[in-house]
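Step one of this worksheet: look at the structure below.
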Amino acid sequence: MVYEVVKLIPVGKVTSYGAIANFLGTKGSARMVGWAMNAAHNLHNVPAHRVVNRNGLLTGKNHFEDPDRMQEMLSKEGVIVKEDQIQDLTKYFWDPAKELEL
DNA sequence: AGCATGACGAACA
DNA sequence: GTGTTCGCCATGC
């Protein structure tokens, strides 16, 4: 489920573990989403770099093969990242439970 | 079964 | 805005 949602994240946007958890119904269990991502990040079809924590911090960059690439990819997709932190997070934030409900 | 840990989040001081 | 604590629940020892 997690993978499916993450794959739906539009380019240039990001979401949070909590948002995904909420969308999946496992709200409150954001850690489970992160845990799922840990197993998913290896799958090339899952843009885990677009998933950050609530603070817009690239907490999971450390788990990528190349941490620096996460920020690079985001920047390349139009998301401004500074010091491992997304700038104007609210502007790039994409909540599946909200966007997909439309 | 119990204890510690983790890509998190929210509440509280 | 920052630091701490608790809840969450799957995993590993």
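Both backbone and side-chain heavy atoms feed into the values below; hydrogens, waters and symmetry mates do not.
Ion pair A:R50/A:E77 flagged as a salt bridge, since at least one NZ, NE, NH1 or NH2 atom sits closer than 4.0 Å to an Asp/Glu carboxylate oxygen.
Taking a 6.0 Å sphere around NZ of A:K7, one finds it holds more than 12 heavy atoms contributed by other residues, nucleotides or ligands.
With a 4.5 Å cut-off on side-chain heavy atoms, A:T15 and A:F93 count as touching.
When atom types are taken as modelled, the side chain of A:H49 and the backbone of A:M73 share no donor-acceptor pair closer than 3.5 angstrom. Without hydrogens or angle criteria, A:E99 side chain to A:A97 main chain gives no donor-acceptor distance under 3.5 Å.
Residue A:H63 contributes atom NE2, which lies 12 Å from atom C1' of B:dT5 at whole-angstrom precision. As a whole-Å value, the separation of A:K61 NZ from B:dA7 C1' is 13 Å. For the pair A:L57 CG and C:dT2 P, the interatomic distance rounds to 12 Å; values are reported in whole Å. In this structure, A:R69 atom CZ and B:dA7 atom P are separated by 20 Å, rounded to whole Å. Per the geometry, CG belonging to A:N38 stands 15 Å off C1' belonging to C:dC9, to the nearest Å. Here the C1' atom of nucleotide B:dG6 and the CE atom of A:M37 are 15 Å apart, to the nearest Å.
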- prompt: Can you give one letter per nucleotide of nucleotides 8-13 of chain B, going 5' to 3': B for a protein heavy atom under 4.0 Å from the base, S for sugar-phosphate only, - for none?
  reply: BSS---
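Using atom C1' as the reference point in both B:dA7 and C:dC13, the two lie 22 Å apart (nearest Å).
Across all strands shown, A:A36 has no heavy atoms under 4.0 Å from either base or sugar-phosphate atoms.
A:E72 is linked by a side-chain contact (heavy atoms from CB on, under 4.5 Å) to nothing, counting only residues two or more places apart in sequence or in another chain.
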